[in-house]
Amino acid sequence: MKIVRTLSAMLVPAFVVLAFTGCTDTQARLHEAHAKVAATLPAPHFEDLVTESVAIEGDRLVLLIRSPEGNAAKTRKAPGFETLKESEQYALRELCAQPAITPLIDTDAILVRRFVDRHGAVFFDAELPARTCLTPPAVGPGPPREIPLQSPRH
């Protein structure tokens, strides 16, 4: 019993130190990435969208992308909005190749692109854990299969 208490007394502080060190490392790397990305902004994103700023929210590196003409409320109701979100979610992997983001890849950081309209209303957030950059993207589903409407006649 004494051995268990002694081991517990040694392991708990070691675990706390390791956990704290990991958090500090993530935060330090987030601040490093923030500084590098901020130095390049504002920058065009796609068509009329502009990456305006970058912020740190906890363990998240948030890139704010503004649409100067869009309206978030109307766009969220439009047909095809979910497809747009999915395409932006997939495109988020582009960040993995940016040198400023590379130091975050083995941390607990989460990469976020937040899309807002000209008034600051949020269209949506696309998020990607930085560790995901270590694995290749999953291959999307193949072309839809044709399902016969009737069984063939013999």
Side-chain angles (χ1 to χ4, degrees), residues 4 7-145:
V4 171
L7 282 174
S8 294
M10 291 174 11
L11 291 176
V12 170
F15 177 75
V16 170
V17 168
L18 286 173
F20 182 71
T21 303
C23 293
T24 303
D25 192 41
T26 296
Q27 285 300 308
R29 291 188 195 185
L30 275 167
H31 286 280
E32 177 186 342
H34 175 271
K36 287 179 180 177
V37 172
T40 67
L41 301 178
H45 174 67
F46 179 75
E47 292 182 358
D48 66 339
L49 301 177
V50 176
T51 305
E52 279 188 356
S53 62
V54 61
I56 297 171
E57 296 177 0
D59 61 353
R60 301 162 43 137
L61 185 71
V62 181
L63 295 151
L64 185 76
I65 301 173
R66 188 171 306 275
S67 170
E69 301 299 322
N71 179 298
K74 288 181 182 177
T75 302
R76 283 193 302 268
K77 294 176 187 173
F81 178 68
E82 290 303 316
T83 303
L84 170 67
K85 280 176 53 177
E86 289 172 14
S87 69
E88 286 296 336
Q89 182 66 44
Y90 184 79
L92 189 55
R93 281 189 153 276
E94 297 166 354
L95 289 175
C96 296
Q98 292 186 4
I101 301 301
T102 304
L104 296 175
I105 290 176
D106 63 345
T107 69
D108 294 329
I110 298 171
L111 309 174
V112 180
R113 281 183 174 158
R114 178 169 296 148
F115 294 85
V116 298
D117 67 13
R118 65 183 172 269
H119 302 293
V122 177
F123 290 99
F124 62 91
D125 283 1
E127 298 185 9
L128 181 74
R131 289 186 192 280
T132 305
C133 292
L134 295 171
T135 58
V139 177
R145 291 185 211 145

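All residue numbers in this chain count up from 1 along the given sequence.
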Check whether [X] reaches the backbone of [Y] with its side chain - one donor and one acceptor, N or O, closer than 3.5 Å.
X	Y	value
Thr132	Leu128	no
Asp59	Ala109	no
Arg118	Gly70	yes
Arg114	Asp125	no

For Arg60 and Glu127, run salt bridge (Lys or Arg N to Asp or Glu O under 4.0 Å): C-alpha distance rounded to whole Å, both residues' side-chain angles, the deciding distance at 0.1 Å, then the answer. CA-CA 9 Å; Arg60 301 162 43 137; Glu127 298 185 9; 2.9 Å; yes

Less than 4.0 angstrom from a charged side-chain N to a carboxylate O is my criterion; do Arg76 and Glu82 meet it?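 No, Arg76 and Glu82 are not salt-bridged.
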
With rounding to the nearest 0.5 angstrom, report the [atom1] to [atom2] distance, [X] to [Y].
X	Y	atom1	atom2	answer
Arg131	Cys96	CZ	SG	13.0 Å
Leu111	Leu104	CG	CG	6.5 Å
Ser67	Phe123	OG	CZ	4.5 Å

Would you name the heavy atoms of [X] and [Y] that are closest together and state the gap between them?
X	Y	answer
Asp117	Ala72	OD2-N, 3.0 Å
Glu32	Pro103	OE2-CG, 3.8 Å
Gly58	Gln27	O-NE2, 2.9 Å

Measure the shortest side-chain to side-chain distance between [X] and [Y] over non-hydrogen atoms and say whether it is less than 4.5 angstrom.
X	Y	value
Asp25	Asp108	no
Arg66	Leu49	no
Val112	Leu61	no
Leu41	Val54	yes

Kindly indicate, with the supporting measurements, whether the criterion ring-ring contact (aromatic ring centres under 6.0 Å, His included) is fulfilled by Phe81 and Phe124. CA-CA 10 Å; Phe81 178 68; Phe124 62 91; 5.8 Å; yes

